[in-house]
Each structure stands twice: as C-alpha cells, then as structure tokens.
Amino acid sequence: MDLSKQELRRRMIAARQALDPAERARLSLLAQQALLGAPEWARAGTVLLYIPVRGEVDTTALVAAGRAAGKQLLLPRVERADRRLRLHRWDGTPEQLAPGAYGIPEPRPDLPQEEPRAVDLAVVPGVAFDRAGCRLGYGGGYYDRLLPELAGAVKIGLGYGFQ
C-alpha cells in the first residue's frame, strides 16, 4: 500500500508522539549511543545537530559528548525570507537559544555563522527515512535545500526503528 507523503507524515509523527516518555528516552539514548560509537562521529570535528521537537530523537547525549570532545557544534536557524537554514556555532547551552520562526529553539541570530562546507557530520532529523537514505521531513523543504550544500559532510538521519 502506497501512502501519500501527508499520510505517512501524519502516521509517523503520531507514532513518535505516542511513545511512552520513558520508552522515548530509552530509544533516544540507544540511537545516540549507536552514533557515538560510529567512526564518523570520532572523525568529525564540526557537527551539525538539531534541537528535538514533536517526539524526535533526543540529542542531549550528542551535545554532551561533542562538548567533552572539543567538537565544534552547529545548529540550524530558519531564514524565512529565503526559506533556507543558516548554520550557527553553538556552545551547547540553552542560553544561546531563542524561539525561532516556527517556535523551535534555534541559535540566536547574533551567534557566529558557519558555512555548510565546514560541516564534517550532519545529524539530521526526519519524519521517516527509507533504506536508500532518503528522508521525509515536515514539508517545508529546508533540509532538502541544505543537504546538497553539505557536499563534504557525512549525513546521518537520526530516528526510531519504525521511522
């Protein structure tokens, strides 16, 4: 049965949000531990992360490990004018975040920007992923526009097994 993108989005988001909070935390930690054990993580000096919303896999352990290892952490910030994501340096603290264009915590606009080519590893959220590595997002196309700009980066989608 082929589902429309909208129906697949609806089902995946509902499944994520239906997870018991303790189970979500357990699965998030397992996903993060798997990434932390990957050689791509060890090699990366500059890592693009995200702040989880709507039941996405947590990134707290990645932030802590990145800080401890001296990695340069980046977060995306939505630029609505040109419908693009700008990458900003982030020290991993909540003080450097502010509500963004869609109410999602984002880096403050005054934080230094980084070019996409500086990213070694991009940890990408998604609503669903296929076995070929394609992702389904929320439909705004922000990551669709950013990912090709990350030509030299390893891109890893972070999600639960059912996604």
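Worth saying up front: this structure is predicted, and the values here are computed from it rather than measured.
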| said: Checking Leu74 against Leu49 for the side-chain contact (heavy atoms from CB on, under 4.5 Å) test, could you report, in this order, the C-alpha distance in whole Å, the side-chain angles of both residues, the deciding distance, and whether it holds? | reply: CA-CA 6 Å; Leu74 304 177; Leu49 295 172; over 6 Å; no
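- Residues Pro116 and Leu146 come closest through the heavy atom pair CG-CD1, 4.3 Å.
- Taken to the nearest 0.5 Å, the CG atom of Asp120 stands 11.0 Å off from the CG atom of Leu48.
- Atom CD of residue Glu56 and atom CZ of residue Arg24 lie 10.5 Å apart, to the nearest 0.5 angstrom.
- Going from atom CD of Glu115 over to atom CZ of Arg86 covers 9.0 Å, rounded to the nearest 0.5 Å.
- Atom CG of Asp58 is separated from atom CD1 of Ile51 by 9.0 Å, given to the nearest 0.5 angstrom.
- Ionic pairing of Glu79 and Arg77 is present here: one or more N-O contacts between side-chain nitrogen and carboxylate oxygen are shorter than 4.0 angstrom.
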| message | Checking Asp91 against Leu73 for the side-chain contact (heavy atoms from CB on, under 4.5 Å) test, could you report, in this order, the C-alpha distance in whole Å, the side-chain angles of both residues, the deciding distance, and whether it holds? | response | CA-CA 7 Å; Asp91 70 4; Leu73 303 179; over 6 Å; no
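- For Arg43 (side chain) and Leu121 (main-chain N/O), no donor-acceptor pair under 3.5 Å exists by modelled atom type.
- Looking only at distances, a side-chain donor or acceptor of Arg9 sits under 3.5 Å from a matching main-chain atom of Gly137.
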| task | Go through the steps to decide whether Gln96 and Arg89 satisfy the test side-chain contact (heavy atoms from CB on, under 4.5 Å), and finish with yes or no. | result | CA-CA 10 Å; Gln96 289 192 338; Arg89 295 180 190 167; over 6 Å; no
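- How far CG of Leu111 is from CG of Leu87: 12.5 Å, rounded to the nearest 0.5 Å.
- With a 6.0 Å cutoff to the six-membered ring centre and a 45° limit on the axis angle, Arg80 counts as a cation-pi contact of Tyr102.
- Summarising the local packing, CZ of Arg108 is surrounded by more than 12 heavy atoms from other residues, nucleotides or ligands at distances under 6.0 Å.
- When all heavy atoms of Leu8 and Ala128 are compared, the pair lying nearest together is CD2-CB, 4.3 Å.
- Under a hydrophobic clustering in which Ile, Leu, Val, Met, Phe, Trp and Tyr are joined whenever their side-chain heavy atoms come within less than 4.5 Å, directly or via other members, Leu27 and Phe129 fall into different clusters.
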| task | With side-chain contact (heavy atoms from CB on, under 4.5 Å) as the test, would you mind laying out the steps for Arg67 and Thr93 before giving the verdict? | result | CA-CA 10 Å; Arg67 289 180 70 183; Thr93 64; 3.9 Å; yes
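- Shown here for Ala44 and Val47, the closest heavy-atom pair between the two residues is CB-CG2, 3.9 Å.
- A continuous path of hydrophobic side-chain contacts links Val53 to Val127 [ILVMFWY only; heavy atoms under 4.5 Å].
- Note: the hydrophobic cluster containing Ile156 also contains Phe162 (ILVMFWY, side chain heavy atoms under 4.5 Å, direct or indirect links).
- Residues Ile104 and Tyr50 fail the side-chain proximity criterion, which asks for heavy atoms closer than 4.5 Å.
- The minimum heavy-atom distance between Gly100 and Glu106, with the atom names listed, is CA-OE1, 3.3 Å.
- One N or O on the side chain of Arg16 and one on the backbone of Arg54 form a donor-acceptor pair closer than 3.5 Å.
- For the pair Leu62/Leu158, a side-chain contact is recorded, criterion being any heavy-atom separation below 4.5 Å from C-beta on.
- Across every non-hydrogen atom of Asp144 and Pro148, the tightest pair is O-CD, 3.1 Å.
- The CG atom of Leu35 lies 8.0 Å from the CD atom of Gln32; values are rounded to the nearest 0.5 Å.
- A cation-pi geometry, defined here as NZ or CZ lying under 6.0 Å from the six-membered ring centre and within 45° of its normal, does not hold between Arg145 and Tyr143.
- With Lys71 contributing its side chain and Trp41 its backbone, the two residues share a donor-acceptor pair below 3.5 Å.
- Between Pro107 and Pro76, the closest heavy-atom pair is CD-O, 3.3 Å.
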